[in-house]
Asks: 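If you scroll down you'll find the structure; I have some questions about it.
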Amino acid sequence: EDKVVQSPLSLVVHEGDTVTLNCSYEVTNFRSLLWYKQEKKAPTFLFMLTSSGIEKKSGRLSSILDKKELFSILNITATQTGDSAVYLCAVDSGGSNYKLTFGKGTLLTVNP
Amino acid sequence: NAGVTQTPKFQVLKTGQSMTLQCAQDMNHEYMSWYRQDPGMGLRLIHYSVGAGITDQGEVPNGYNVSRSTTEDFPLRLLSAAPSQTSVYFCASRGPDRRSYGYTFGSGTRLTVV
């Protein structure tokens, strides 16, 4: 059974801190790993990672994948209160069903 | 605006009632899916469709039916609602190129079964 584990489950930081969110996975047929941000409503797409060692960046957010060790990290530098959200990691395990297996998410709270 | 539209946003049902959650997308995406999100459980796949006329079960299909008569619409039917189906439901779609940026989610339907 495919499995995605995120850690920590929750995290409280102060504005300006840097945070690292973790995602490890065990899937039968890895195709890609995706990160989403969820604030009260629908998840919004952040990154898709398919190749090991290649960092994806968007402003203060960055992510990297290690396919050998089966994990990914999401870094947020100089955190702001607007970064408060649940961050979801999901793995596309390939095949014709386009199935995404999600982790339980990390709840990030950024205090002023 | 292009995207995935879900209706209703909120719904309260009595145990045993049936209802249909609507999902429509205007991006000509072949793949559509339904997820439910429960506290501490992440998102779990209920049913999915890879094109009009083709549907299949996901991880938690019991108590739900789907159909896909058009590319645009993918309704989710609750046949006889149970309190265990209290959840937030998300519809998602994706284009055929799996190297594309990812899935687009609807804004969700919060369902309470009493």
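Because only heavy atoms are used, hydrogens play no part in the values below, and waters and symmetry mates are left out as well, while side chains stay in. In what follows, chains carry the letters A, B, and so on, assigned in the order in which the sequence lines appear, proteins first and then strands, with residues in each chain numbered from 1.
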Asks: Going by ring-ring contact (aromatic ring centres under 6.0 Å, His included), name the residues that satisfy it together with A:Y25, two or more places apart in sequence or in a different chain.
Replies: A:F30
Asks: Do any of residues 73-82 of chain B come closer than 4.5 Å to chain A, heavy atom to heavy atom, and if so which ones, in number order?
Replies: none
Asks: Go through the atoms of B:Q37 and report whether side chain, backbone, both or neither lie under 4.5 Å from a heavy atom of chain A.
Replies: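 It is the side chain, since no backbone atom gets that close.
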Asks: Checking an interface table here. Which of residues 59-67 of chain A come within a heavy-atom distance under 4.5 Å of chain B?
Replies: none
Asks: Can you pull out the residues in residues 101-112 of chain A with any heavy atom less than 4.5 Å from chain B?
Replies: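 A:F102, A:G103, A:K104 fall under the 4.5 Å cut-off.
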Asks: Taking the side chain as every heavy atom from C-beta outward, state whether A:L100 and B:L45 have any pair of such atoms under 4.5 Å apart.
Replies: no
Asks: Any link between B:V4 and B:L111 through a network of hydrophobic side chains (Ile, Leu, Val, Met, Phe, Trp, Tyr) touching at under 4.5 Å?
Replies: no
Asks: In terms of hydrophobic clustering (I, L, V, M, F, W, Y; side-chain heavy atoms under 4.5 Å; direct or indirect links), are A:V27 and A:L70 co-clustered?
Replies: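 Yes, because A:V27 and A:L70 connect within a single hydrophobic cluster, where side-chain heavy atoms sit under 4.5 Å apart.
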Asks: Say whether A:F71 and A:L74 are linked into one hydrophobic cluster, either directly or through other cluster members, by side-chain heavy-atom distances under 4.5 angstrom.
Replies: no
Asks: Quick one: do A:V19 and A:W35 end up in the same hydrophobic cluster if we chain Ile, Leu, Val, Met, Phe, Trp and Tyr together by side-chain heavy atoms under 4.5 Å apart?
Replies: yes
Asks: Compute the ring centroids of A:Y36 and B:Y103, then answer whether they are less than 6.0 Å apart.
Replies: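 No.
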Asks: Would A:K41 and B:F90 count as a side chain to side chain contact (heavy atoms under 4.5 Å, CB included) here? Give the steps.
Replies: CA-CA 9 Å; A:K41 290 188 178 179; B:F90 289 102; 5.8 Å; no
Asks: Where does A:Q6 contact chain B at under 4.5 Å (heavy atoms): side chain, backbone, both or neither?
Replies: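 For A:Q6, neither part sits under 4.5 Å from chain B.
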Asks: For the residue pair B:G106 and A:A42, what are the closest heavy atoms and their distance?
Replies: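 Result for this residue pair: O-CB, 2.7 Å.
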Asks: Going hydrophobic residue to hydrophobic residue with side-chain gaps under 4.5 angstrom, can you get from B:M32 over to B:V88?
Replies: no
